[in-house]
Each structure stands twice: as C-alpha cells, then as structure tokens.
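Note on naming: letters A, B, ... go to the chains in the order of the sequence lines (proteins, then strands), and numbering restarts at 1 for each one. As the structure is a computational prediction, the values presented were derived from the model and not from experiment.
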There are 2 protein chains.
Amino acid sequence: MTSADDRVVPAAARRRRRPTKTGVVLSEELIVQTALRLLREHGADALTVRRLGLALGADPSALYRYFRDTDDLLLAIADELIGRTLRDWRATGVWRADLRDLGLRIHAGALAHPQAAVLSSYRVTGRVHEIEAVETIIGVLRGAGFPDPDAVRIYHAFVDQALAFAALDAASVALPRAAREAEAGVWRAMYARLPADSHPNIAATAHHLVRDMGRSAYPSALDLLLSAAAARLAEAEADPGASGGGSRSPGPSH
Amino acid sequence: MTSADDRVVPAAARRRRRPTKTGVVLSEELIVQTALRLLREHGADALTVRRLGLALGADPSALYRYFRDTDDLLLAIADELIGRTLRDWRATGVWRADLRDLGLRIHAGALAHPQAAVLSSYRVTGRVHEIEAVETIIGVLRGAGFPDPDAVRIYHAFVDQALAFAALDAASVALPRAAREAEAGVWRAMYARLPADSHPNIAATAHHLVRDMGRSAYPSALDLLLSAAAARLAEAEADPGASGGGSRSPGPSH
DNA sequence: ACCTGAACACCGTTCAAGT
DNA sequence: ACCTGAACACCGTTCAAGT
C-alpha cells in the first residue's frame, strides 16, 4: 500500500502511447520535468493542472492517466529533487564532513527549486531516490561507529532538520515578491527601531539581528547538531554498553 | 513599510461599523478566531474567503476591509498562534530548561493547530506577539551569559529550528487522511522489507526506523542543539575574549 | 489504450451600487 | 463608512465520447 503502488498505471504496463494533438508523447518523466520548469519560471502559483497541460501541449485531463491527482505528481517531483541533489555525491569516509556536505546539499538543492521544495520537502515518497538517500545516510552513521539506536535517532534528527530548514528557507525565497520584501523590511524597519526601555534585549542586539536574520540559520544549526553528535559518539565509544546494544557495522553502501 | 502599516484600515481608525445582514459586527479579532475554527474543524482547504464569509455571516468581499488579501489574514493568524503559545509562559531562570520548554511549546502549539501552522509558521509577522517572543528568547540567552553575537546566532538557530520542525510536523498532521496513512504505511510496508543485500543499512536498522520515524525528531534535535550551545557557553566563559565582544547583560524581560 | 472537451463545483479579488 | 452582489478570470477533477 505504498504510494508507488497506487499509481494509476504502472509505468512498465503502459504502451501504445498516442501523441497528443500537438504531437507530444507524454510520459511521467516529461511531465515532472515540465512541472519543475513551470515552477522555476513562473512560481508556485503556475503549477496548475491546466497550465501544465498547456505547457505540455496536451489536454489537462490527460495528465490523470499518469498521476492519480496533483498530490501524486508532487511526490514524483519530490523524489526527482532528492535524486538530483544526491546524483553525484560520494562519501569521503569522514563521517562528520560527509554529513555536513549532505546536509548542505539537501538545503542548497531545495533553494535551487524553492517553489518545488516548499511544496514537497515534507513528504515521504517511498520512491527510489528517497530510499537511496536513507540507505546512504544511515550507512555514514553506522560506518562512523554509532550504535544502531543512536544511528537511527541521529539519522532522523539530521534528515528532518535538513528537510525542515530546506522547506523553511525555500518558503521565504518562494514568497511573492511583495511579501518577501515586506519580511526583509520588518527587521530593519521595526526590530532595529524598538526602544531600549521596552525591549532591552532586542535593542542591545539589533545590529547583530539585522545582519543575521537575512541569512539562513541552517549552517549554524547543522554544526550544532553535528557537534552534539560527535560528543555523543565519544561517550558511546568510551562506554560501549551504555546505549543499549546494536552492532558496529559496514560502511556507507554508496 | 511593515506589514502592519500596510493594513487597509488601521484598527484604531475604524468606527461606525454596521452589522452585516445576519447581525454580526465584524472585527479583525472575530475574523481571525473564526478562521482558526474553520481550519481546526474542516482542514486547510476550508480556509477560503468565501467559506470564511459564510461562517461569519457576511459577504466574502466584506473581509477585504479588514485584510488586504488572504496573505495579510495569514500573518494575523500566525501572530495569534504565537501569542497563544507564549501567553502563560514564565522564565525559571535556568536557561537550558527555559529554552527547552519554549521550543517544545512552540512545537506543541503548532501541532494543536496544524492546518494554521503549516500555512503560517514560516512567516515573519512583525506583529506584537512575535516581537515579545523575540525579546523573551534573546533575553534568556543573554541572561545565561552568552556574548551578544553568540546569543543572536543561537537565537536564530533555535527559533528557526523550532519553527521549521513545527511546520514539518504540522504538515504531516495536516495531510489529507489518505496521504497521511500512505506515508505511515511506507515505513512499514516498504522500508521494513528491503533486502539486506541491496540495502544493508536500512535492513539492519529497520525495526528502529519503524519505531522512530512515526514520532517527531524535534525533541532529539532540540536536545542536540542545546547540548552544543551549552558546550559553546562553557568555552566562552573559559575564554571570554575569543568570541568577539558583546556585553553580559540583563535577564529575560518577561 | 489513450487523449479530448464539456461539465461541475468551486476559487480570490474588484468595483459599482446600495444603505 | 461599511456591506453587498454581480462579475471576471481562474481552479481540480470526472466522464462520456472520440480515435
């Protein structure tokens, strides 16, 4: 009962495709690529079944042969983004550097397609690229020597933090122009001008706030998480029994 | 040029309100409360100007006198959620416990209104409740002894982590029933059944994954962040010059 | 087997007209 | 000053009919 199994027609079973009126031969891949292009070029509001049909040169309703509904299309987009992000990544064997690189790539990949990321970062796709990513990240942690329960806990915190910040920062990049400018202005126009007697802590740090809040906090948050994980690993290695078992094991599989 | 300044009619200047056909007297507060109720009772799709008008007993177009557009209404909802979350919070003076409590409250507050949170957690409102929250959190950090640049950096990582996880977890709670069940099923039906020869790391940790992935990773991620911050503070206190200035200062202001 | 086109039940927002 | 109602330009999705 996975999402992949629910697709209207399994890709392999599909044949005898007829070109549309404009001569295009539809496919899941073509639709996902076109959707990403629409999002990129015209923003999140442009991803409608009707405009996607227009961009493909097909009747909008034809898309329902490839995706159950817009949500199903979204999951396919999410998995394609994961795939692109990790396509050319290779482990170095230094776990902390590897996780840092993976986290920053996930974040940067989302910001490269903010409109798509904000719609899809949240979702568990159960599709091929996501599965490879899970296998890779857990492999890095187990290869580093984290006992299995710690490896899974840290995997979960790491990947959800990466996806959560990716969505957060993508959302701000994907905001309509007016809203985006209004938010940037709030820090300078409002926070930087609060009087010290009513808001002493904001007033004392206003120049730091204005400088900091325009940037993503993800690199900081990532480093804090990795620091704490490293400390945890040192503890686990000093006292191997404490964490409740789990075998040491193979390295990353990719 | 803040969002508050852009409101169609400043609340104070509004007078001589006429009841609607059904006898209701509209106000910004009533509209926000009704919007939260709609979201809570009927999900994110229910928040449309038309249904909100219906629920209020007013013509949908009347709402445009109170909010510039739906985005402006969303910012008001976001600020109301922040206000509710912190309404009865008090500092204990133990910075780490205070921040942990604040983080968990922000997260729990979002999950109590998942449909509202997923729409609004991202946004900088510049409104009154948000400003109080910023002042409070920075106050906790400065009161703990973090130098100003560290206080701001950790404030930013802390609050964005809380909001990002709040939105991530709210999104999964707010998912339409079918999609939500499909995602839960993916871990049991797909990840737990991958063969060890193709996916050794997932296979070795599958039982941990199934147990862990159904819960939020936020408490773990928060503790990792606070651990690392505590370590940073210990360093700063051992070597006060290293971090580049910033005075020690007052406690939390609330 | 797959694509089309009409139809249905909705949207957000604007603006002239009412009171 | 504020609310109403019609209008405009859109949506996602379904389904009978075509090829």
Side-chain angles (χ1 to χ4, degrees), chain A residues 6-31 34-35 38-39 42-77 119 176 178-179, chain B residues 6-31 34-35 38-39 42-77 119 176 178-179:
Chain A
D6 286 349
R7 260 175 273 159
V8 178
V9 181
R14 208 181 287 127
R15 60 202 75 194
R16 297 228 265 146
R17 282 188 288 224
R18 194 149 40 94
T20 65
K21 251 170 63 168
T22 60
V24 185
V25 174
L26 295 177
S27 69
E28 199 171 314
E29 295 71 29
L30 180 63
I31 295 171
T34 306
L38 267 185
L39 284 165
H42 301 105
D45 292 348
L47 188 62
T48 71
V49 177
R50 291 170 122 99
R51 291 179 71 165
L52 187 49
L54 199 66
L56 284 159
D59 191 274
S61 64
L63 304 182
Y64 288 84
R65 307 221 142 248
Y66 296 85
F67 299 97
R68 201 166 55 268
D69 51 27
T70 22
D71 193 67
D72 194 35
L73 170 59
L74 220 50
L75 293 181
I77 291 173
L119 293 173
Chain B
D6 286 347
R7 260 177 271 160
V8 178
V9 180
R14 208 182 286 128
R15 61 203 73 196
R16 296 228 265 148
R17 281 188 289 223
R18 193 151 39 97
T20 65
K21 250 169 66 167
T22 61
V24 186
V25 174
L26 294 177
S27 69
E28 198 170 315
E29 295 72 30
L30 180 64
I31 295 171
T34 305
L38 267 185
L39 285 166
H42 301 106
D45 291 348
L47 188 62
T48 71
V49 177
R50 291 170 122 99
R51 292 178 71 164
L52 188 49
L54 199 65
L56 283 161
D59 191 275
S61 64
L63 305 182
Y64 288 85
R65 302 219 147 252
Y66 295 84
F67 299 98
R68 201 167 54 270
D69 51 26
T70 23
D71 193 66
D72 196 34
L73 170 59
L74 220 49
L75 293 182
I77 291 174
L119 293 173

Review point. What distance, rounded to whole Å, do you find between the two C1' atoms, one in D/dA16 and one in C/dC2?
Key: 14 Å
Rounded to the Å, how far apart are [X] [atom1] and [N] [atom2]?
{"X": "B/Leu47", "N": "C/dT13", "atom1": "CG", "atom2": "P", "answer": "11 Å"}
{"X": "A/Tyr66", "N": "C/dC2", "atom1": "OH", "atom2": "C1'", "answer": "7 Å"}
{"X": "B/Leu54", "N": "D/dC3", "atom1": "CG", "atom2": "P", "answer": "17 Å"}
{"X": "B/Ile31", "N": "D/dC2", "atom1": "CD1", "atom2": "C1'", "answer": "12 Å"}
{"X": "B/Asp72", "N": "C/dG12", "atom1": "CG", "atom2": "C1'", "answer": "15 Å"}
{"X": "B/Arg65", "N": "C/dA16", "atom1": "CZ", "atom2": "P", "answer": "13 Å"}
{"X": "A/Arg51", "N": "D/dC10", "atom1": "CZ", "atom2": "P", "answer": "9 Å"}
{"X": "A/Phe67", "N": "D/dG12", "atom1": "CZ", "atom2": "P", "answer": "15 Å"}

Review point. Which ones in residues 56-63 of chain B lie close to DNA chain D, meaning a heavy atom under 4.0 Å from one of its atoms?
Key: B/Ala58, B/Asp59, B/Ser61, B/Ala62
**Study point:** Atom of A/Gly53, atom of A/Leu63 and distance for their closest heavy-atom approach
**Key:**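 Closest approach of A/Gly53 to A/Leu63: N-CD1, 4.1 Å.
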Check your understanding: Of all heavy-atom pairs between B/Leu39 and B/Leu119, which one has the smallest distance, and what is that distance?
Key ->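 Heavy-atom minimum between the residues: CD2-CD1, 4.2 Å.
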Practice item. Could you summarise the pairing of DNA chain D as dot-bracket text, marking Watson-Crick and G-U pairs under 3.5 Å with ( ) or [ ] inside the strand and | across strands? Key: ||.|||||...|||||.||
With a cut-off of less than 4.0 Å, is there a side-chain N or O of [X] near OP1 or OP2 of [N]?
{"X": "B/Lys21", "N": "C/dT19", "answer": "no"}
{"X": "B/Thr70", "N": "C/dT13", "answer": "yes"}
{"X": "A/Thr20", "N": "C/dC3", "answer": "no"}

From [X] atom [atom1] to [Y] atom [atom2], the distance as rounded to the nearest 0.5 Å:
{"X": "B/Leu38", "Y": "B/Leu56", "atom1": "CG", "atom2": "CG", "value": "8.0 Å"}
{"X": "B/Leu74", "Y": "B/Asp69", "atom1": "CG", "atom2": "CG", "value": "9.5 Å"}
{"X": "B/Ile77", "Y": "B/Ile31", "atom1": "CD1", "atom2": "CD1", "value": "10.5 Å"}
{"X": "A/Tyr66", "Y": "A/Leu73", "atom1": "OH", "atom2": "CG", "value": "13.5 Å"}

Practice item. Quick one: do A/Asp59 and A/Thr20 satisfy side chain to side chain contact (heavy atoms under 4.5 Å, CB included)? Show the steps, please. Key: CA-CA 8 Å; A/Asp59 191 274; A/Thr20 65; over 6 Å; no
Exercise for review: Could you check B/Arg50 against B/Pro19 and say which one's nearest nucleotide on DNA chain D is further toward the 5' end?
Suggested key: B/Pro19
Check your understanding: Does A/Asp72 use its side chain to pair, donor to acceptor, with the backbone of A/Leu75 at less than 3.5 Å?
Key ->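 A pair under 3.5 Å: no.
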Review point. Counting side-chain heavy atoms from CB outward, which of C/dG12, D/dC3, D/dC11 is closest to B/Tyr64?
Key: C/dG12
Practice item. Can you spot which of A/Val49, A/Leu47, A/Thr48 makes a side-chain contact (heavy atoms from CB on, under 4.5 Å) with A/Thr70? Key: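 Exactly one option meets the side-chain contact (heavy atoms from CB on, under 4.5 Å) with A/Thr70, and it is A/Val49.
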